[in-house]
Amino acid sequence: MTPNPTIPKLPARRRGRTDGARRTLLLAACAAALALPAIARAQAQPAAPKVDLETARAAAATGQALLIDIREPDEHAATGIAPGALRLPLSQIKERQSEIPRDPARPVLLICRTQNRSSKLATMLQAQGYTNVRYVDGGMKEWTERHYPTEMPPR
């Protein structure tokens with residue numbers, strides 16, 4: 001292919017920057033296009049409701065709600081669990097999800113260390129039709145900081 005004499009040739013250095021800028025713009029556009037469905041899904045799912053720590057403790061202690069500790073076994077052993085809590089590690093949810101009641105009259109309170117995992121799980125369960133699930137704001141970290149009672153899980 002012969003160069004067109006009417007189109008001035010850009011210096012090689014400048015041409016490289018332009019190509020790099022185009023490439024960067026194209027990559028950014030592709031990344032944004034790929035991220036849009038995930039962003040739309042996240043926005044489509046309303047955040048699960050939370051319950052404050054004192055309300056959760058009182059409801060679990062009186063049997064008005066089922067408290068489920070979703071931390072892993074090594075975390076249970078390190079800090080103990082809330083008295084009467086069902087231990088259902090997040091890593092076992094798929095196999096043991098049937099243990100989570102769907103009865104709207106029986107509130108289910110999910111607790112983890114800080115609320116990050118429990119809030120995500122509560123949102124996921126709500127998307128699956130659970131209407132009775134909330135997460136405990138503050139988690140077991142705040143539970144132990146307030147010196148609420150704990151018990152060591154059975155081995």
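Everything numeric here is computed off the predicted structure, so don't read it as measured data.
Atoms CG and CG, on Leu121 and Asn116 in that order, are 12.5 Å from each other to the nearest 0.5 Å. Between atom CD1 of residue Ile111 and atom OG of residue Ser118 there is a gap of 7.5 Å, rounded to the nearest 0.5 Å. The distance from the NZ atom of Lys141 to the SG atom of Cys112 is 12.0 Å, given to the nearest 0.5 Å. A distance of 6.0 Å separates CH2 of Trp143 from CG of Leu53, quoted to the nearest 0.5 Å. Note that CG of Leu86 and CD of Glu99 are 6.0 Å apart. Values are rounded to the nearest 0.5 Å. Separating the CG atom in Asp69 from the CG atom in Leu109 is a distance of 12.0 Å, to the nearest 0.5 Å.
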For residues 56-66, dump all side-chain donor-acceptor pairs below 3.5 Å to protein atoms at least two apart in sequence or in another chain.
unit_1	atom_1	unit_2	atom_2	d
Arg57	NH2	Glu54	OE2	3.4
Thr62	OG1	Ala58	O	3.0
Thr62	OG1	Ala59	O	3.4

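Across all non-hydrogen atoms, the minimal contact from Asp52 to Asp137 is CA-CB, 4.5 Å. In plain terms, the two heavy atoms of Ala48 and Tyr135 that are nearest each other are O-CE2, 3.3 Å. For the residue pair Gln115 and Gly138, the shortest heavy atom distance occurs at OE1-N, 2.6 Å. For the residue pair Pro89 and Glu72, the shortest heavy atom distance occurs at CB-OE1, 3.5 Å. Pairing each heavy atom of Pro153 with each of Ala77, the nearest pair is CG-N, 4.3 Å. Heavy atoms only, all atoms of each residue included: Val133 and Gln126 are closest at O-NE2, 3.8 Å.
The side-chain contact (heavy atoms from CB on, under 4.5 Å) with Leu110 is formed by just one residue from the set Ile70, Leu90, Val136; it is Ile70.
A continuous path of ILVMFWY side-chain contacts below 4.5 Å connects Leu88 to Val108, so both sit in one hydrophobic cluster. Under a hydrophobic-cluster definition in which Ile, Leu, Val, Met, Phe, Trp and Tyr are linked whenever side-chain heavy atoms come within less than 4.5 Å, directly or via other members, Val51 and Leu67 are assigned to the same cluster.
Residue pairs meeting the salt bridge (charged side-chain N to carboxylate O under 4.0 Å, His left out) criterion with at least one member in residues 106-135, sequence neighbours excluded, are Glu75-Arg117.
Formation of a donor-acceptor pair under 3.5 Å by the Asn132 side chain with backbone atoms of Pro101 is found in this model.
Thr150 is not listed as a side-chain neighbour of Tyr148, based on a closest heavy-atom distance of 4.5 Å or more.
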* To do: Decide side chain to side chain contact (heavy atoms under 4.5 Å, CB included) for Ser119 and Lys50; before the verdict, give the C-alpha distance in whole Å, the side-chain angles of both, and the deciding distance to 0.1 Å.
  => CA-CA 8 Å; Ser119 64; Lys50 63 184 175 182; over 6 Å; no
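For Glu95, the side-chain contact (heavy atoms from CB on, under 4.5 Å) partners at least two apart in sequence or on another chain are Gln92.
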